[in-house]
Amino acid sequence: MKITILTLFPEMFAPLYGSILGRAVKEGKLQIEVLNLRDYTEDKHKKCDDYPFGGGAGMVMTCQPIGSAIEAVDPCHRARRIYLSPKGRNFRQDMVYALAACEHVVLLCGHYEGVDQRAIDLFIDEEISIGDYVLTGGELPAMVLTDCVARYVEGVLSPESLVQESFSENMLEYPQYTRPVEYRGRTVPEVLRSGNHAEIDKWRRAEALKVTQKNRPDLLD
Ligand code: 4GY
């Protein structure tokens, strides 16, 4: 699978090449292509933004570099083209599975006051938001989406760690413990050290239900 990221700030994506994702890229399981929108502008001063029609603060990203970049990376329109913005549909785990099944995903990162609506109407399939807050640009959301999707690309994570997750869908995770058995007077729950896997399972389900009721009762409706 290939993820193409279109941005005015390609240097922001350096962290993507570390850790688990970096390994997946090195092993050829995942291709990540970060392209500078400025390389696609036909403006003689390399401008990619302009003043908003109708007035108001800030600048708006122009159509031309976006259109040229998307047509260059996906000439036959086979890719899923996504614009990250707070106006989009809220990002959820079911969308992660759908995107991980795509051959090619293109992520457009906005900045300033956003992009000209015509670029969205002409070149974007879906607008996605990672949450109800406003960031300075779409770069962090693009990294969030890339990280989530990469976990489901064949061979990036072990199948066991993914199975565990889907089995507890619509439920938050149970608490985890590791050594030592006692830390500052707090001991690891006895049942987890019992070796009784039926009891451990039962305890984990009960704890998952407890934390879900407390923090995300909406998931249980
Ligand atoms: N939240 N989810 C988000 C965001 C910043 C102005 C368009 C979000 O996805 N993107 O806050 N993006 C804005 C800044 C231009 C992107």
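As the structure lists them, so they are numbered: ligands from 1, and atoms in each ligand from 1. Side chains included, hydrogens not; waters and symmetry mates left out as well; all remaining heavy atoms used.
Every atom of ligand 1 is numbered from 1 in the order shown, and the set under 4.0 Å from a heavy atom of Gly114 is 15 (C). Shown in contact with Pro141 at under 4.0 Å from a heavy atom are these atoms of ligand 1, numbered in order with element: 3 (C), 9 (O), 10 (N). When each atom of ligand 1 is checked for a heavy atom of Val134 under 4.0 Å away, the hits are 11 (O).
Evaluated by nearest non-hydrogen atom to atom 11 (O) of ligand 1, the leading choice among Asn90, Leu135, Leu84, Ile82 is Leu135. Taking only non-hydrogen atoms, the option from Gly131, Gly110, Pro86 nearest to atom 3 (C) of ligand 1 is Pro86.
The proximity of Phe91 to ligand 1, defined as any non-hydrogen pair under 4.0 Å, does not occur for either the backbone or the side chain. Looking at Asp132 against ligand 1, nothing comes within 4.0 Å, counting heavy atoms. Counting heavy atoms closer than 4.0 Å to ligand 1, residue Ser129 contributes atoms from both its backbone and its side chain.
Using a cutoff of 4.0 Å between basic side-chain nitrogens and carboxylate oxygens, Arg151 and Asp147 are not scored as salt-bridged. Salt bridge present: Lys202 and Glu199 bring a charged side-chain N and a carboxylate O closer than 4.0 Å.
In this structure, atom 7 (C) of ligand 1 lies nearest to the protein heavy atom Tyr83 OH, 3.4 Å. Looking from atom 6 (C) of ligand 1 to the surrounding protein, the closest heavy atom is Tyr112 O, 3.2 Å. Of the protein's non-hydrogen atoms, the one nearest atom 1 (N) of ligand 1 is Tyr133 O, 2.9 Å. Counting protein heavy atoms only, atom 9 (O) of ligand 1 is closest to Ser85 N, 3.4 Å.
The CD1 atom of Ile3 sits 12.5 Å away from atom CE of Met143, with the distance rounded to the nearest 0.5 Å.
A continuous path of ILVMFWY side-chain contacts below 4.5 Å connects Val34 to Leu37, so both sit in one hydrophobic cluster.
Ring pair Tyr97/Tyr152 is perpendicular by interplanar angle, where above 60° counts as perpendicular and below 30° as parallel.
Residue-environment remark: CD (Gln176) exceeds the threshold of 12 foreign heavy atoms within 6.0 Å. In the displayed structure, Tyr17 atom OH is contacted under 6.0 Å by more than 12 heavy atoms of other residues, nucleotides or ligands. Other residues, nucleotides and ligands contribute at most 12 non-hydrogen atoms within 6.0 Å of the CZ atom of Arg118. In the displayed structure, Glu190 atom CD is contacted under 6.0 Å by at most 12 heavy atoms of other residues, nucleotides or ligands.
The distance criterion of under 3.5 Å between nitrogen or oxygen atoms is met by Ile130 with respect to ligand 1.
Taking 4.0 Å as the cut-off, Ile128 counts as a neighbour of ligand 1 on heavy-atom distance.
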